[in-house]
2 protein chains.
Amino acid sequence: MVQKSKRPPVTKIDAPVPPKRRGRPRAYQPDVALGKALDLFRKDGFAATSLDDLAAATGMNRPSLYGAFGDKRELFIKSYRRYREDARVAMGDIFRDELPIRRRLERIYAVALDIYLSGESGPRGCFTVMTAASEAVHDPDIRAMVLEGFTELDKAFAACFRQAKEKGELSESADPVVLAQLASATIHTIAIRARARMPRKELEAIANGALDVMLGAAK
Amino acid sequence: MVQKSKRPPVTKIDAPVPPKRRGRPRAYQPDVALGKALDLFRKDGFAATSLDDLAAATGMNRPSLYGAFGDKRELFIKSYRRYREDARVAMGDIFRDELPIRRRLERIYAVALDIYLSGESGPRGCFTVMTAASEAVHDPDIRAMVLEGFTELDKAFAACFRQAKEKGELSESADPVVLAQLASATIHTIAIRARARMPRKELEAIANGALDVMLGAAK
DNA sequence: GGAATTTTTTGCGAAATGGTACAAAAAAGT
DNA sequence: ACTTTTTTGTACCATTTCGCAAAAAATTCC
């Protein structure tokens with residue numbers, strides 16, 4: 001036939017243009033496959049998720065899985081990394097926006113609840129919390145990621161409170177770091193309880209009560 | 001027919017008197033065996049703990065394990081029940097004692113930290129939190145126990161705050177239920193972070209900061 | 001068209017896992 | 001001593017699990 005395959009024109013700068021790989025094309029999209037793997041790990045945890053489950057969920061077979069992401073542990077770590085990126089994106093705007101502190105925190109907890117309660121076969125909870133509970137003790141690399149996750153959240157909250165304090169929304173005596181730890185604690189308790197299928201209403205009530213104390217006590 | 005026909009209503013009263021059982025005597029003490037099983041489950045979680053591991057740890061062989069405690073899930077549930085009993089005992093006095101609220105809470109957090117940080121091969125964390133993260137979503141019976149654990153803790157804390165309020169240790173506007181949820185949240189965040197090997201000092205600082213805010217002692 | 005390259009597919013295999021069958025062992029009752 | 005009762009110890013089974021090797025397929029490069 002005519003040679004001249006559909007050569008991608010040089011149109012866009014950073015378009016996801018296929019870079020003309022050399023061999024047999026992949027039958028999967030790494031991104032979506034990783035997403036499916038993440039879903040599974042969130043549902044069942046590391047140990048209870050088998051490579052066969054993962055292969056079935058991603059539509060890949062095990063050798064392909066292996067070739068693409070490494071062994072089970074590596075896949076888990078990559079899934080966790082992906083989860084964190086997703087969470088950062090979901091939270092990013094809110095942490096950036098300069099809203100009144102109360103509104104801001106309300107929105108953060110709302111997004112968190114969306115993340116924790118989603119899932120077809122039950123609330124998926126928070127990967128960081130789940131991973132901390134099980135894998136972080138024994139695996140130094142995973143532990144480092146989990147700890148980083150904690151401090152990242154603490155710092156984001158602390159920045160919020162610090163800003164609010166500068167704007168006069170909090171009393172002079174309020175300690176942003178301490179309040180941030182309480183805000184994180186509230187995130188954690190909500191994540192855990194969500195996983196035990198506590199209804200959203202009750203979780204929202206917990207968040208609101210916590211807000212009352214955190215924002216009111218410093219009045 | 002798997003049911004055990006034994007159990008004349010004694011055996012639990014503190015009578016170290018061997019009741020002259022009929023067949024071959026047990027080579028293990030059910031209590032200590034269950035304790036070993038609990039240790040293992042706390043260390044690795046449900047899925048990652050094999051029956052072989054449990055048999056090795058208890059010194060029993062698998063058929064004996066099975067005969068004594070049922071299958072893996074039953075053993076897990078019994079271990080969890082045992083954990084809760086132990087925790088209740090450890091906390092009981094403190095929740096009962098009529099100390100100044102701050103002292104009381106300090107002691108509670110100290111005991112909690114002892115429980116969460118103990119363990120030869122790493123901090124064992126809180127069984128309720130770990131179980132919530134993994135098993136509670138899929139298993140209704142376990143979920144019920146976990147939820148009960150949460151409300152039990154919430155209620156105990158609420159009672160503390162209510163009492164403190166009556167004694168005038170808290171402002172009239174303080175809401176014992178909300179404060180209790182914050183106190184629980186602090187327990188949870190500590191349990192999770194402990195599991196990620198956060199040092200005791202930092203965990204204590206988190207507890208103390210939370211106390212400052214909850215008791216309005218932030219100055 | 002043929003070589004080179006990359007991925008998929010099939011299937012193997014060794015180990016581990018949860019669970020059970022069954023005989024031997026150890027005690028009490030008679 | 002013999003029976004009964006209960007537990008132990010060995011062995012086994014069916015399945016799952018993780019990982020890999022080797023062949024087949026699909027694509028680009030020459």
Side-chain angles (χ1 to χ4, degrees), chain A residues 1-8 17-34 36-37 40-41 44-79 135 139, chain B residues 1-8 10-11 17-34 36-37 40-41 44-79 134-135 138-139:
Chain A
M1 325 135 231
V2 186
Q3 47 97 252
K4 184 250 162 246
S5 37
K6 46 219 158 148
R7 187 160 272 290
V17 187
K20 278 286 191 197
R21 302 182 49 88
R22 193 74 152 52
R24 176 169 175 168
R26 288 199 181 106
Y28 59 94
Q29 293 170 279
D31 289 359
V32 320
L34 190 58
K36 297 289 188 184
L40 256 200
F41 277 131
D44 296 328
F46 178 80
T49 303
S50 75
L51 286 187
D52 280 330
D53 296 336
L54 291 163
T58 56
M60 306 164 66
N61 38 34
R62 254 171 310 154
S64 294
L65 248 188
Y66 199 85
F69 303 109
D71 68 7
K72 193 179 168 185
R73 178 175 167 276
E74 282 183 80
L75 177 51
F76 182 81
I77 290 179
K78 280 169 182 152
S79 298
E135 309 310 314
D139 189 310
Chain B
M1 39 70 195
V2 196
Q3 204 56 356
K4 319 187 83 186
S5 50
K6 51 152 187 168
R7 302 282 290 158
V10 266
T11 312
V17 188
K20 281 286 191 201
R21 300 182 47 87
R22 192 74 150 55
R24 176 170 176 169
R26 288 199 181 104
Y28 59 92
Q29 292 170 277
D31 288 0
V32 320
L34 190 58
K36 298 288 188 185
L40 258 199
F41 278 132
D44 296 328
F46 178 79
T49 303
S50 73
L51 287 187
D52 280 330
D53 296 335
L54 291 162
T58 56
M60 306 164 66
N61 38 33
R62 254 170 310 146
S64 294
L65 250 187
Y66 198 87
F69 303 109
D71 68 8
K72 192 180 169 186
R73 178 175 166 276
E74 282 183 81
L75 177 51
F76 182 81
I77 290 179
K78 280 169 182 152
S79 298
S134 53
E135 310 310 315
H138 305 300
D139 190 312

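A, B, ... follow the sequence lines: proteins, then strands. Residue 1 opens every chain.
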**Prompt:** What pairs with A:Ser79 under side chain to side chain contact (heavy atoms under 4.5 Å, CB included), at least two apart in sequence or on another chain?
**Reply:** A:Leu34, A:Ala37, A:Leu38, A:Phe41, A:Leu75, A:Phe127
**Fill in**
From CD of A:Glu74 across to P of D:dC18 the rounded distance in Å is 15 Å
**Message:** Going by the rule side chain to side chain contact (heavy atoms under 4.5 Å, CB included), which residues pair with B:Gln29 if we only count those two or more places apart in sequence or in a different chain?
**Reply:** B:Val32
**Message:** How many whole angstroms separate atom OH of A:Tyr28 from atom C1' of D:dA26?
**Reply:** 14 Å
**Asked** What residues in residues 46-66 of chain A put a non-hydrogen atom under 4.0 Å from any atom of DNA chain D?
**Response** A:Thr49, A:Ser50, A:Leu51, A:Arg62, A:Pro63, A:Tyr66
**Fill in**
By side chain to side chain contact (heavy atoms under 4.5 Å, CB included), B:Arg22 pairs with (sequence neighbours left out) none
**Prompt:** Hey, are the side chains of A:Lys78 and A:Phe69 touching, using non-hydrogen atoms and a 4.5 Å cut-off?
**Reply:** yes
**Item:** Point-to-point distance, once rounded to the nearest 0.5 Å, from CD of B:Glu135 to CD1 of B:Ile77
**Value:** 10.0 Å
**Complete:** Counting primed atoms, P, OP1 and OP2 as sugar-phosphate and everything else as base, the B/S/- map of nucleotides 23-30 of chain C against protein heavy atoms under 4.0 Å is --BBBBS-
**Asked** What is the distance from NZ of B:Lys72 to C1' of D:dT16, rounded to the nearest Å?
**Response** 12 Å
**Message:** Can you measure B:Leu75 atom CG to C:dG18 atom P for me and round it to whole angstrom units?
**Reply:** 11 Å
**Asked** Starting at CZ of B:Phe69 and ending at P of C:dG18, how long is that distance when rounded to a whole Å?
**Response** 17 Å
Could you give the side-chain donor-acceptor pairs of residues 45-62 of chain B under 3.5 Å, partners two or more places apart or in another chain?
unit_1	atom_1	unit_2	atom_2	d
B:Thr49	OG1	B:Gly45	O	2.6
B:Ser50	OG	B:Asp52	N	3.4
B:Ser50	OG	B:Asp53	N	3.0
B:Ser50	OG	B:Asp53	OD1	3.4
B:Ser50	OG	B:Asp53	OD2	3.1
B:Asp52	OD1	B:Arg62	NE	3.2
B:Asp53	OD2	B:Ser50	N	3.2
B:Thr58	OG1	B:Leu54	O	2.8
B:Thr58	OG1	B:Ala55	O	3.2
B:Thr58	OG1	B:Met60	N	3.3
B:Asn61	OD1	B:Ser64	OG	2.8

**Request:** Please identify each residue that fulfils salt bridge (Lys or Arg N to Asp or Glu O under 4.0 Å) with B:Asp139, with sequence neighbours left out.
**Result:** B:Arg73
